[in-house]
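Have a look at the structure below, then the notes.
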Amino acid sequence: MKRSFQILVLFLTTVALGQDSVSSKEEQIKDLISNSFQEIFSDLDAGALDVYCTEDFLLLETGEVWDMEKMRNYLKSAGKQDTEVKRINSFDFIEVKISGNMAWVAYFNKAEFRNDGEVVKEMNWVESATAILTEEGWKLQLLHSTVAEK
């Protein structure tokens with residue numbers, strides 16, 4: 001009886017640790033999305049592209065293909081604009097799947113554009129992304145974005 005109990009405890013511990021690992025990886029992917037959008041699209045930090053994206057990253061944005069060069073040019077141009085408008089992103093995650101060193105995620109993205117605390121514009125997208133685990137951590141390899149209704 002004592003041996004059976006020990007085996008049961010060992011089994012349950014292994015299952016619990018495995019679930020924590022999957023849960024932790026899912027949180028890492030969600031953080032990758034949230035943090036990359038903050039630094040790239042809200043803060044307009046071109047340097048963040050190297051932190052959050054692979055060298056061969058592609059953004060498929062409503063029928064357009066954006067590579068890293070186009071992303072850098074956009075951020076450079078947008079960063080020169082003199083505006084008080086701030087972009088605030090929020091995410092509603094649909095699903096995260098992880099298999100080895102690859103992951104994909106689907107989510108709704110809402111961006112509020114605020115000036116002096118007042119929402120002056122809101123945009124909504126349904127998006128999916130793929131990420132790979134590199135020596136530096138998870139990085140986005142592909143982002144597909146489609147404008148959505150509220």
task: Taking salt bridge (Lys or Arg N to Asp or Glu O under 4.0 Å) as the test, write out the residues that go with K70, two or more places apart.
output: E64
message: Could you tell me if the side chain of I98 sits less than 4.5 Å from the side chain of E26, heavy atoms only?
response: yes
message: Applying side chain to side chain donor-acceptor pair (under 3.5 Å), can you list everything that pairs with D43, at least two apart in sequence or on another chain?
response: Q38
message: Under 4.5 Å between side-chain heavy atoms, counting indirect links through other Ile/Leu/Val/Met/Phe/Trp/Tyr residues: same cluster for L59 and L142 or not?
response: no
statement: Taken in chain and number order and not counting sequence neighbours, the residues that satisfy side chain to side chain contact (heavy atoms under 4.5 Å, CB included) with D56 are T54, Q141
- prompt: Quick one: salt bridge (charged side-chain N to carboxylate O under 4.0 Å, His left out) pairs with a partner in residues 96-105, sequence neighbours left out?
  reply: E95-K97
- prompt: With a 4.5 Å limit on heavy-atom distance, are the side chains of F108 and I94 in contact?
  reply: yes
- request: Hey, could you give me each pair passing salt bridge (charged side-chain N to carboxylate O under 4.0 Å, His left out) that has a residue in residues 112-134? Not counting sequence neighbours.
  value: K110-E112, E112-R114
- prompt: Going by heavy atoms in the side chains, are L60 and L143 under 4.5 Å from each other?
  reply: no
- prompt: With hydrophobic residues grouped by side-chain heavy-atom distances under 4.5 Å, do L58 and M71 end up in a single group?
  reply: no
- prompt: Partners of E55 by salt bridge (Lys or Arg N to Asp or Glu O under 4.0 Å), sequence neighbours excluded?
  reply: none
message: With a 4.5 Å cut-off on side-chain heavy-atom distances among I, L, V, M, F, W and Y, is there a chain of contacts connecting V147 to V120?
response: yes
- request: Any chance you could measure K25, atom NZ, to L133, atom CG, to the nearest 0.5 Å?
  value: 7.5 Å
Those residues that, when tested against Y107, pass ring pair (Phe, Tyr, Trp, His ring centres under 6.0 Å) (two or more places apart): F91, F93
message: Can you confirm whether S36 sits close enough to L49 that some side-chain heavy atom of one is under 4.5 Å from a side-chain heavy atom of the other?
response: no
- request: Evaluate the side-chain proximity of I40 to D45: yes if any heavy-atom separation is below 4.5 Å, no if none is.
  value: no
statement: Rounded to the nearest 0.5 angstrom, the CG-OG distance for N124 and S90 is 8.0 Å
- request: Mind checking salt bridge (Lys or Arg N to Asp or Glu O under 4.0 Å) for D50 and listing every partner two or more places apart, or none if nothing turns up?
  value: R72
field: For T134, side chain to side chain contact (heavy atoms under 4.5 Å, CB included) partners two or more places apart
entry: I132, E136, K139
- prompt: Can you name the residues that form a side chain to side chain contact (heavy atoms under 4.5 Å, CB included) with R87, not counting sequence neighbours?
  reply: F37, F41, S42, N89, N109, A111, F113, W125
task: Only counting residues at least two apart or in another chain, list the ones meeting side chain to side chain contact (heavy atoms under 4.5 Å, CB included) with L32.
output: Y52, A131, W138, L140
- line: Applying salt bridge (Lys or Arg N to Asp or Glu O under 4.0 Å) to E69 and not counting sequence neighbours gives none
